[in-house]
*Asks:* 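Questions regarding the structure given below will be posed in turn.
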Amino acid sequence: MKKRCSFVASLFIILTTAVSTVQARDVSMVTVDWQPYYGSGLLDGGMVVDVARAAFQRAGHNATVKFIPWTRALKTVEEGENDIVLGAYYNEERAQTFHISDSFYRVRLGLVARRDVGVTRYESLQDLKPYRIGVSRGYANSEEFDAADFLNKDVAKGPTINLQKLKRERIDMMVAAFGIFRFELNRDGGDINQYSFIEPPLADNGLYLLGSRNVADGAQLIADFNRGLEAIRADGTYDELLKKHGF
């Protein structure tokens, strides 16, 4: 009887391993350069890439990343050409279009103005009507702000271009993740004292993976990521990766 039980247990392990091997695959992730969180010029692609790769690896998958324009990244995953958009904010439209993972990091997002504009705080978005506000094409900010069509929004390809427009006084303020603004300004040799971080922030956004609904195992990939993320948080790998990248 013991031999039979041992045989059955061994067979179960073999079959389980075989199933895991069949399900495991290469996962194609796409995103935009968004330093210091992720980017082609950062160590191992940056903190967010490292975390996503480790979570997928823990679930048995090999994840790779390509850095492409943001709107193209969204389009290729929506159409099923790639599996995952890496590092997106949540909104209801995206929840209808993609499978969405658990949040794996939080980013404080708000408005940054030139100090000479004289704005450090607003009570409602209506207060911002007189100002030219730089926004990035295809980016989700906060649902209230994105829906505020009464604001004078000046659209650019990304926050780096908006920073240049802000410096040249072509806009009065811009929407940015505060950490990214500091990183880009420092890289550009700017003086942080020339700018004001306007209170309150627009959002304290979680970062998510967006999984394609046009990939047969898209929902399973997101479930596998969530499971792997829980595992690397539990054993300390997540904190080690943040520390590795200076977060």
Side-chain angles (χ1 to χ4, degrees), residues 30-43 45-49 65-74 85-91 105-122 125 127-208 245-247:
V30 287
T31 193
V32 69
D33 276 287
W34 205 53
Q35 301 181 50
Y37 302 109
Y38 42 87
S40 55
L42 297 175
L43 173 65
M47 177 272 291
V48 167
V49 172
V65 63
K66 291 181 181 178
F67 295 95
I68 61 178
W70 183 247
T71 51
R72 183 179 160 207
L74 292 170
V85 177
L86 174 66
Y89 296 149
Y90 177 93
N91 63 29
Y105 193 74
R106 301 202 68 82
V107 174
R108 198 165 181 249
L109 178 86
L111 293 158
V112 185
R114 296 192 322 275
R115 192 169 291 276
D116 64 277
V117 173
V119 180
T120 59
R121 186 171 185 84
Y122 68 96
L125 292 179
D127 298 339
L128 303 175
K129 287 177 67 174
Y131 306 104
R132 296 164 296 169
I133 305 173
V135 298
S136 298
R137 181 176 294 114
Y139 282 40
N141 302 299
S142 73
E143 293 194 6
E144 182 185 8
F145 178 86
D146 292 343
D149 54 8
F150 54 84
L151 293 176
N152 182 9
K153 299 176 185 177
D154 190 296
V155 182
K157 288 184 178 180
T160 302
I161 295 174
N162 275 326
L163 175 57
Q164 296 306 314
K165 291 165 73 173
L166 188 63
K167 290 177 64 177
R168 294 168 185 166
E169 301 185 9
R170 291 173 55 192
I171 55 176
D172 302 308
M173 59 186 67
M174 63 178 282
V175 180
F178 291 160
I180 289 177
F181 182 86
R182 291 186 179 93
F183 178 88
E184 293 289 350
L185 186 67
N186 182 64
R187 187 168 66 171
D188 199 51
D191 181 3
I192 195 68
N193 295 315
Q194 299 302 311
Y195 301 91
S196 299
F197 293 88
I198 301 175
E199 294 290 341
L202 293 175
D204 181 12
N205 283 326
L207 289 181
Y208 301 81
H245 292 278
F247 287 87

*Asks:* With rounding to the nearest 0.5 Å, note down the distance linking CD1 in Ile171 to CD in Gln164.
*Replies:*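 With rounding to 0.5 Å, CD1 (Ile171) is 10.5 Å from CD (Gln164).
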
*Asks:* As an exercise, state the distance from CG of Leu125 to CD1 of Ile133, rounded to the nearest 0.5 Å.
*Replies:*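 Rounded to the nearest 0.5 Å, the CG-CD1 separation comes out at 8.0 Å.
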
*Asks:* Tell me whether the rings of Tyr37 and Tyr105 are parallel (<30°), tilted (30 to 60°) or perpendicular (>60°).
*Replies:*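 Rings of Tyr37 and Tyr105: tilted, 30 to 60°.
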
*Asks:* Tell me, do Leu111 and Leu128 make a side-chain contact under 4.5 Å, heavy atoms counted?
*Replies:*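 Side-chain contact under 4.5 Å: yes.
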
*Asks:* Over all heavy atoms of both residues, which pair between Tyr122 and Pro201 is shortest? Give the atoms and the distance, please.
*Replies:*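 Closest pair (atom of Tyr122, atom of Pro201, distance): OH-O, 4.0 Å.
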
*Asks:* Donor-acceptor pair, distance only, cut-off 3.5 Å: does the side chain of Tyr38 make one with the backbone of Met47?
*Replies:*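 Checked: no pair found.
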
*Asks:* Would you say that more than 12 heavy atoms from the other residues, nucleotides or ligands in this model lie under 6.0 Å from the CZ of Arg187, or not?
*Replies:*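 Atom CZ in Arg187 is crowded, with more than 12 foreign heavy atoms closer than 6.0 Å.
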
*Asks:* Mind running side chain to side chain contact (heavy atoms under 4.5 Å, CB included) on Asp172 and Arg114 for me, showing each step along the way?
*Replies:* CA-CA 6 Å; Asp172 302 308; Arg114 296 192 322 275; 4.0 Å; yes

*Asks:* Is Asp33 reaching over with its side chain to a backbone N or O of Ser40, donor-acceptor style, under 3.5 angstrom?
*Replies:*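 Such a contact is found between Asp33 side chain and Ser40 backbone.
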
*Asks:* Quick check against the 3.5 Å criterion: does Asn141 have a side-chain atom that pairs as donor or acceptor with the backbone of Asp146?
*Replies:*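 No; zero donor-acceptor contacts below 3.5 Å.
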
*Asks:* Does Arg132 pair with Asp154 as a salt bridge, N-O distance under 4.0 Å?
*Replies:*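 No, this pair does not count.
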
*Asks:* Do Asn162 and Phe181 have side chains that get closer than 4.5 Å, going by heavy atoms?
*Replies:*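 A side-chain contact is absent here, since even the closest heavy-atom pair is not under 4.5 Å.
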
*Asks:* Take a 6.0 Å sphere around CZ of Arg170 and say whether it holds more than 12 heavy atoms from other residues, nucleotides or ligands.
*Replies:*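 For Arg170, atom CZ is not crowded (no more than 12 foreign heavy atoms under 6.0 Å).
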
*Asks:* With distance as the sole test, does Arg108 use its side chain to make a donor-acceptor pair with the main-chain N or O of Gly179 at under 3.5 Å?
*Replies:*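 Not a single qualifying donor-acceptor pair exists.
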
*Asks:* Side chain to side chain contact (heavy atoms under 4.5 Å, CB included) for Leu74 and Val32? Distances and angles first, verdict last.
*Replies:* CA-CA 10 Å; Leu74 292 170; Val32 69; over 6 Å; no

*Asks:* Just how far is it from atom OG1 of Thr120 to atom CD1 of Ile198, taken to the nearest 0.5 Å?
*Replies:*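 Taking OG1 in Thr120 and CD1 in Ile198, the distance rounds to 8.0 Å.
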
*Asks:* When you measure from the side chain of Asp188 to the backbone N and O of Gly190, does any donor-acceptor pair fall under 3.5 Å?
*Replies:*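 It does not hold such a pair.
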
*Asks:* Take Ser142 and Leu109 through the test side chain to side chain contact (heavy atoms under 4.5 Å, CB included) and record every step on the way to the result.
*Replies:* CA-CA 9 Å; Ser142 73; Leu109 178 86; 5.7 Å; no

*Asks:* Any side-chain heavy atom of Lys167 sitting closer than 4.5 Å to one from Tyr195?
*Replies:*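 Answer yes - side chains close enough.
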
*Asks:* Which atoms form the tightest heavy-atom contact between Gly45 and Val49, and what is the distance?
*Replies:*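 Residues Gly45 and Val49, closest heavy atoms: O-CG2, 3.3 Å.
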
*Asks:* Write down the atom of Ala177, the atom of Tyr89, and the distance for their closest heavy-atom approach.
*Replies:*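 Closest approach of Ala177 to Tyr89: CB-OH, 4.2 Å.
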
*Asks:* I need the minimum non-hydrogen distance between Pro36 and Leu42, along with the two atoms involved.
*Replies:*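 Of all heavy-atom pairs spanning Pro36 and Leu42, the closest is O-CD1, 3.6 Å.
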
*Asks:* Can you see which heavy atom on Asp127 is nearest to which on Pro130, and at what distance?
*Replies:*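 For Asp127 and Pro130, the tightest heavy-atom pair comes out as O-CD, 3.4 Å.
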
*Asks:* What's the shortest heavy-atom distance between Ala88 and Trp70, and which atoms?
*Replies:*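 That would be CB-CH2, 3.8 Å.
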
*Asks:* What I'd like to find out is whether the side chain of Pro159 reaches to under 4.5 Å of the side chain of Tyr139, using heavy atoms alone.
*Replies:*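 In contact.
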
*Asks:* Once you round to the nearest 0.5 Å, how far does CE of Met174 lie from NZ of Lys165?
*Replies:*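 It comes to 9.5 Å.
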
*Asks:* Quick one: which of Thr160, Val107, Leu86 gives a side chain to side chain contact (heavy atoms under 4.5 Å, CB included) with Trp34?
*Replies:*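 Exactly one option meets the side chain to side chain contact (heavy atoms under 4.5 Å, CB included) with Trp34, and it is Val107.
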
